**Student:** 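Take this structure, written in structure tokens, and hold onto it; I'll ask about it next.
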Amino acid sequence: MTIVTGKAEARRRLQSGRSGVLRQIWEHRADYAYVLPAIAVMLVVIAYPIYYTIELSFFKTPPGLQLRDKTFIGVDNYTTILTSEVFWRVTWNTLIWTLGSTLIAFVLGFATALALHREFVGRGVLRAILIIPWVISAVAASYIWKWIYHSDFGIIGAVLVGLGLADRPPNFIDSVNTVLPSLIVVNIWREFPFAMIMMMAGLQTVPEQLLRAAQVDGASAWQRFWHVTFPHLRNVSTVTILLLAVANFNSFIIPWIMTGGGPSNASHIWITHIYELAFGRQRWGVASAYSVLLFLTLMTLGYFYVRALSGNERQEGSA
Amino acid sequence: MTRITLGSAVLRGTVATALMASLMSTSALGAPVDLSKWSPEYVRSIAGTEDFDTAADCAKVTPLDYKGRLTFWYQGVFEGDPDLLRQYYKDFFETFRKTYPNIQLEEQALTYNDLLDKFRTALLGNAAPMAVRLQILGGTEFASKGYLEPLKPEDVGYSTEDFWPGAMKAVTWEGVTYGIPTNNETMAFIWNADIFKRAGLDPDKAPATWDDVVKYSKQIHDKLGIAGYGLVARKNAGNTPYRFMPQLWAHGGGVFDEATANPTYEDVQLDSPQSKAALQASYDMYVRDKSVPVSALTNQQADNQPLFLAGQLGMMISHPSDYDVMLDLQKKATGADKDKAQTVIDNMRYGLIPTGSDGKRAVVFGGSNIHILKPEYVEGGKVDEPAAKAIICMWTSPEWSLKMAYAGSNPGNLNGFKTKWMKERLDNIKFLDVTTSMLPYGIPFPALPQAPEIMNIIVPDMLQNALTGAMTVDEAADDAARKVRDLMGGL
């Protein structure tokens, strides 16, 4: 009889585990060879920049010197950011921008998807029209909206003044109070079709017989939605919200083109502030530290996104 | 008696003519432009008095059959420039390719607001072009960081005294010259005489002081319900400092002591009472009187041009090229708008930029410079210096420095004022006298590496903080002064 101690057993399992992994890799060597070029490219264009950004975030990069003259300062850049008044203001803007854009675009997209899920004449045309904001270039959209909002000769102002509803054009993007909500409206206009498409796809998966059964059982329209439709859309909703949130955290074009973060920093969000710090003010170290914080935030959102996707897969697997 | 054959006579005649032509084309032998005599009359008197052969001049720097390759970025035309200028840019590159057929030129045009960001990024990746034409603000920044090769007018066949001393300061860092000015400019004050008349102002008289500008702007707005003065306060836009700094300097303020004869740039003056008075004037127009475009915080000068053409703006600071821009825009208008635009053009008047209360007049001495990069920062690690010098010689020649600045600026090479194209320009471009008259009042931006951040970010931020009510005028000026001190302290 062989007596196996606890340590020896653990070592054996580890070795068997290792050999198991190695064996699996060897068995799938052709698969790894296929993805190797993609991994190599990713290492160059993603992994190295991430590494360099993290490294740079620990250095002081005075604007009057070249980047190679940087000096190591530990976590000072992070301290500078976290104790800066501007950071908290920009963070607050980022939260309002991301949450506002994401939630309203989702709700609007979902509502539109529900409306378009029914059969009616012209549904296809309406669906095509509603997708336009999403397919239009963000740069073009920004310039168009800048013109629409223009505080002196914008379309909205002209209509309101023309109808006698206002004495002078409303100030949308030249006021610290209205600029961020105005930009969020533009972002929602651009993004809600994405949510609409996602939710329309989700609605196709809701079993028709369940809805009919609920109807036969006397469930009202709201009860059918809440107890049958919505639970089926939980995963696709989660994925849509996470994708929108990640996109909004990284959304640069609309605020940068329309206001450049102004007036008086009132529409600066993290990504535009990072750009200005790096390229306008050449504070590469501080901008890198900012980027690391943004990266960590997005990775957290990414984690939940992957979890949501895994949840979907598990659910589909068990179904 | 010496008998001369027809053949030798022709030969001698040809040699003599060639010698004469070469003497005439050598700027060193022509009398330099006398800046002490500078006036519109003096400019008229020298225009068209000298001929230059650009190709022959540049052949002495780089042989015309030189074979090479050049990457070149330049601050090119943008949406606010007239079509005439676009044509001259096109002509320049066509002529360069014809003159130097064996130089493979890869040029890239970037707008004023994009060039610095892109160039800085390229430098970080050692992917810069071999030569670059930058706005006047940029030279010192890149020279101080060691990116640029020393380069002076003599390196491309010209003389330092052929360029404005103020412009040479902007390309000099710690006593070494790192570039050559291509064009230099001062703006002027433009107003709509019809609007002035309807507002009860003298249609032929520009506001004499900045206090008058505030007063006139209010009067125009109150009487006609349109914007009086074309204030611009967008961040990261060159237009903002070009319009605010003259106001700041005229009030006796400044970022430092840049408005003095021998600036030291040691004492920050943005929080001085004079600087605050200048900021207060902008505040009064934007917040108190609401007499300027509300969109001033997000707009640049290109947005003021259609407002002016539509008869919705009474006065603004701009280039003489705005006259051409208005003509271009008018051509694109249709129906009643076309006639309306023509009325505005007929009523366009140019004058000197107003003074401060003590009679001080100032304007930004603007322009651009051309530079050669050090090989280690250039894509491929090599700079084709003869090719770079060829294009620099051509661009900074009397001929092309004039043509490339035809509508909106002035030639960096002062000999450009002597060319026939200057004479043609004086005949064709309205109001050119006004901007040439403003040149002696020109003050260069501080020749410091920190100047782009100060002018493009800190000064506009100060304006925006005051105009949005995010800070009081005092707080905004104090905040800006603190930022400049921090910046100069290396933070």
Side-chain angles (χ1 to χ4, degrees), chain A residues 52 56 60-69 71 76 80 85-86 89 143 146-147 149-154 157 161 167-179 182-183 255-268 272 275-284 286, chain B residues 113-114 116-118 120-121 123-125 140-142 144-147 225-227 233-237 286 290 292-299 303-304 306-307 310 312-313 377 448-450 452-453 456-458 460-471 476 483 487-491:
Chain A
Y52 189 57
L56 208 53
K60 184 179 179 180
T61 57
L65 296 174
Q66 280 196 29
L67 199 52
R68 66 183 177 197
D69 300 321
T71 47
D76 276 10
T80 305
E85 195 187 314
V86 177
R89 189 174 170 194
Y143 279 108
K146 202 178 165 191
W147 179 52
Y149 277 152
H150 199 286
S151 308
D152 294 298
F153 51 90
V161 172
D167 292 336
R168 54 185 300 160
N171 189 347
F172 290 107
I173 54 174
D174 289 280
S175 154
V176 287
N177 300 319
T178 53
V179 63
S182 302
L183 296 186
W256 188 254
I257 288 183
M258 289 186 69
T259 63
S264 203
N265 297 326
S267 62
H268 254 321
T272 56
Y275 180 85
E276 185 179 290
L277 279 168
F279 298 98
R281 302 177 56 199
Q282 300 170 84
R283 308 297 199 283
W284 306 103
V286 180
Chain B
N113 295 337
D114 298 327
L116 283 181
D117 289 359
K118 179 161 176 165
R120 284 171 185 150
T121 313
L123 284 167
L124 290 178
T140 325
E141 175 188 330
F142 300 106
S144 71
K145 289 183 181 177
Y147 290 124
I226 60 172
R234 187 186 165 96
K235 198 152 91 167
N236 280 313
Y286 192 85
K290 295 181 172 52
V292 294
V294 182
S295 55
L297 304 182
T298 42
N299 277 350
D303 300 284
N304 274 339
L307 268 183
Q312 296 295 309
L313 180 63
Y377 304 109
L448 295 168
Q450 295 87 348
E453 183 173 342
N456 293 339
I457 295 177
I458 296 177
D461 256 346
M462 176 180 77
L463 273 164
Q464 293 202 347
N465 284 334
L467 303 187
T468 56
M471 292 179 189
K483 284 176 183 163
L487 179 64
M488 300 309 290
L491 290 177

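These numbers come from a predicted model, not from an experiment. A note on names: the letters A, B, ... follow the listed sequences, proteins ahead of strands, and every chain is numbered from 1. Below, all heavy atoms of this structure are taken into account, side chains as well, without hydrogens, waters or symmetry copies.
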**Student:** Look at B/G225, B/G146, B/A470, B/P293 and state which one has the largest set of heavy-atom pairs under 4.5 Å with chain A.
**Tutor:** B/P293

**Student:** Chain A heavy atoms under 4.5 Å from B/A296: which part of the residue, side chain, backbone, both or neither?
**Tutor:** backbone

**Student:** Heavy-atom cut-off 4.5 Å, strictly under: side chain, backbone, both or neither for A/W147 against chain B?
**Tutor:** neither

**Student:** What residue in A/Y275, A/F279, A/F172, A/F153 has the most heavy-atom pairs under 4.5 Å with chain B?
**Tutor:** A/F279

**Student:** Could you check which of B/D461, B/D303, B/L124, B/T121 has the highest count of heavy-atom pairs closer than 4.5 Å to chain A?
**Tutor:** B/L124

**Student:** If I compare all heavy atoms of A/S267 with all of A/L183, which pair ends up nearest, and what's the gap?
**Tutor:** CB-CD1, 3.6 Å

**Student:** Only one of B/T468, B/N299, B/T298, B/L467 clears side-chain contact (heavy atoms from CB on, under 4.5 Å) with A/D174; which?
**Tutor:** B/T298

**Student:** Salt-bridged, A/R283 to A/E276, with N to O below 4.0 Å?
**Tutor:** no

**Student:** Kindly indicate, with the supporting measurements, whether the criterion side chain to side chain donor-acceptor pair (under 3.5 Å) is fulfilled by B/Q450 and B/E141.
**Tutor:** CA-CA 7 Å; B/Q450 295 87 348; B/E141 175 188 330; over 6 Å; no

**Student:** Check whether A/T259 gets within reach of chain B through its side chain, its backbone, both or neither, counting any heavy atom under 4.5 Å.
**Tutor:** both

**Student:** List the atom of B/P449, the atom of B/S144, and the distance in Å for their closest heavy-atom pair.
**Tutor:** CB-OG, 3.2 Å

**Student:** Chain A: which of B/L307, B/L297, B/V294 shares the most heavy-atom pairs with it under 4.5 Å?
**Tutor:** B/V294

**Student:** Between B/L116 and chain A, which part of the residue has a heavy atom less than 4.5 Å away: side chain, backbone, both or neither?
**Tutor:** neither

**Student:** Is there a side chain to side chain donor-acceptor pair (under 3.5 Å) between A/D152 and B/S295? Walk through the geometry before answering.
**Tutor:** CA-CA 6 Å; A/D152 294 298; B/S295 55; 2.3 Å; yes

**Student:** Could you tell me which non-hydrogen atom of A/I257 sits nearest to which non-hydrogen atom of B/R234, and how far apart they are?
**Tutor:** O-NH2, 3.9 Å

**Student:** Examine whether an atom of B/F142 lies under 4.5 Å from a heavy atom of chain A, and if so say whether it belongs to the side chain, the backbone or both; otherwise answer neither.
**Tutor:** neither

**Student:** Heavy-atom pairs under 4.5 Å with chain A are the metric here; pick the option from B/M462, B/M471, B/K145 that has the most.
**Tutor:** B/K145

